[in-house]
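Each chain gets a letter, A, B and so on, in the order the sequences are listed, and its residues count up from 1.
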Amino acid sequence: MKTGYLGVDTGSISTKGVIIDDENNIIANEYLWTEGNPVNAVKSVLRAIEKQSGDIAVASVGTTGSARKLIGAMLEADVVKNEITAHAVGTLVVFPDVRTILEIGGQDSKIILIDNGIVVDYAMNTLCAAGTGSFLSSQAKRLGIDVEDFGNIALTSNNPTKIAARCTVFAESDLVHKAQIGHKREDIIAGLCLAVVNNYLNNVGKGKAIKPPIVFQGGVSKNSGVVRAFEQVIGEEILVDKNSHLMGAYGAAILAKNNKKGRVFGFDVAKMEFVTKGYECKKCPNNCEIICFYKNNILIDSWGNRCMNGSVAEIMSVKSQ
Amino acid sequence: MKKIISFPHIGNYHIPIEILLKLIFKDSVIMPAPKTTKRTLELGSRYSPDFVCVPFKYNLGNYIEALENGANVLIQAGGGCRYGYYAEIQELILRDLGYEFKFVKLIGHDLHPLNMFRVCKSIGTNISFFRFLYYLLLVIKMVGFIDRTEAYIRENIGFEVMENSFDKLHAEFFGKLRDISNFTSLAHVTKEYEKAFRKIKIDKPENCLKVGVVGELYTAMEPFSNYFLERELAKNKVQVSRFITVTFLFFQKPRDIKKILKSAGKYLKYTIGADGTDSVERSKTLAELGYDGIIHVKPFGCMPEVNAMPMLNNIGRDYKIPVLYFSFDSQTSETGVKTRLEAFYDMLEMRRKSREDITKFENRVSWS
């Protein structure tokens, strides 16, 4: 029986799970939509990778992504890490010489600068979703095409349309306008890819020295149109790994491997019942929204509190009275 | 009608201000605004211009909550940037809301002791100028000690052996300060607590990670407005240093303003307004002192700090020290702040480890 390490990356749009072995090879992986229900998405991921991995003992678990805390509590994870660190760690294993990591996910985008295998700087989009995956998928919907075909259609264009993409909402009106005055569909699609790239570089990449080798990852890296647009604008080769969409989960798995606490993880978590209940703590005018997390009807964790009044211990003592 | 005097919050300074006002206005009620909470910010944002910086909103929220509790004299002090103009607008907004109150503005040069005495007289006190000056100096000295103590707490709270030992003593210390009315008792308390804080057991390695906080004064000094950033950092066993305090702003800065500009070296030729100059100078100094990282905080739209950012970028590049920028507003996402802080800490630790590995390797090479 082989030993494996599980990494789960639960993002806003998609949920990724990866099992690696001691040599950092990916044994099993799954990628599916979160659809606003991270707990269920993770359960499906677990079922899928359990089938793929066969006879394996998972020694430790790492979680990352925006639902890292929730999923960390659910899986009793050994490491719960932010996306930036997880992506950097994962990428450094695949591309040890990488200097710049561009990452565009569903609702956030980041840039990570690396020098000699060490993260030296990073930035994350702060204000809006322009220049992220959800921008592309909402525009694809408007044009009536699948976001998966986006890249290939974009590649057929030689004359990308200029789209005002400073803001997702206004980009949509500009896109409609360009379509109505007769721009070709593939040109508009290529223009959107270019808009995402320019937005990313002006927003997240502002003031950062982008040095090769450059690795591009996150869900949007699967879009060949965006990859080409990056290459055109930056003027350097952009590396995209075949597992680029899994890199966060891969990083979490590697972090789990390095932090194992000697506990065996059971896939039966997928069969358990997890419920979250939210309530507003009325003990002071802060009105913190506290989330209580139950496993098989037992409170296992809570968060959202700003002070001791809303801590797990306090909630438990109230509940038991 | 009895006077109920109130004022907005910034960090723990409501305690010495309350002490001072109680000493001066023996016949009035001194009531600091209710503690800043989410409601404060919601109230403040509702009645503030949308694009005004967030300290304005916090202040306004504090005033509204104070007025709701019956305050009828409000004090605003400050200056330096747009802040100096806020009192005027805040008064207008509050009057439009229908509140009746006396608004006392101490802006810039109004903070001269003679003028302050005149203002106090007009609010209603019969103490002599000599007494007034005595109390003022007493509280200034007290603030100096509070600032020194809190600097020590910031740098060490992450390493406390027993949880909450600093917080407990901190609260006890403020309780003791409330009884002080002369220099002798202040000296006693100073002596007692100087020792007591240093007696708290800490487990602090000599080469712990060190992070400096620079930036705009309100967001740096009011933990609620920066999502308790210093505390979050300290939890990861980081020494957090911050130079902006009331003592610095009122006493050190006016005295050393030329020195500060000179010390900023090639990064600044002219002052860039409000605290921007200090942010640049301090970041350079922190980098030279071997700090591991700098966190720059500002309210969204803060011009002086926006001015400082290109220089901070250059300092980061020249000294190879990471700088993390935060812009706070009423709409800031707490998760976003936490994710960035976490990543910042991870990055500092990774850098530190690799540097140690290199030194170890070099040592081995030189030995063999």
Distance col, row A:Ile118:CD1 vs B:Met350:CE, nearest 0.5 angstrom, shows 5.0 Å

Residue among B:Tyr227, B:Tyr325, B:Phe224 with most heavy-atom pairs under 4.5 Å to chain A |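 Sorted descending by pairs with chain A, the first entry is B:Phe224.
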
Please flag which part of A:Lys81 lies under 4.5 Å from any non-hydrogen atom of chain B: side chain, backbone, both or neither.
->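 It is both, since atoms from each part get that close.
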
The single option from A:Arg68, A:Lys110, A:Glu83 passing side-chain hydrogen bond (donor to acceptor under 3.5 Å, both in side chains) against B:Thr339 |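 Single side-chain hydrogen bond (donor to acceptor under 3.5 Å, both in side chains) partner of B:Thr339 among A:Arg68, A:Lys110, A:Glu83: A:Arg68.
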
Please determine, among A:Ile112, A:Val119, A:Asn82, the option with the most heavy-atom pairs under 4.5 Å with chain B.
-> A:Asn82

Among A:Asn116, A:Asp121, A:Val120, A:Asp115, who wins on heavy-atom pairs under 4.5 Å with chain B?
-> A:Val120

[X], part contacting chain A, at a heavy-atom distance under 4.5 Å:
X        : answer
B:Leu324 : side chain
B:Phe326 : neither
B:Phe344 : both

Is it the case that more than 12 heavy atoms not belonging to B:Glu288 sit under 6.0 Å from its CD atom?
-> yes

Neighbour count above 12 (heavy atom, 6.0 Å) for B:Arg231 CZ |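 Not more than 12 within 6.0 Å, no.
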
Non-hydrogen side-chain atoms of B:Glu342 and A:Thr85 separated by less than 4.5 Å | no

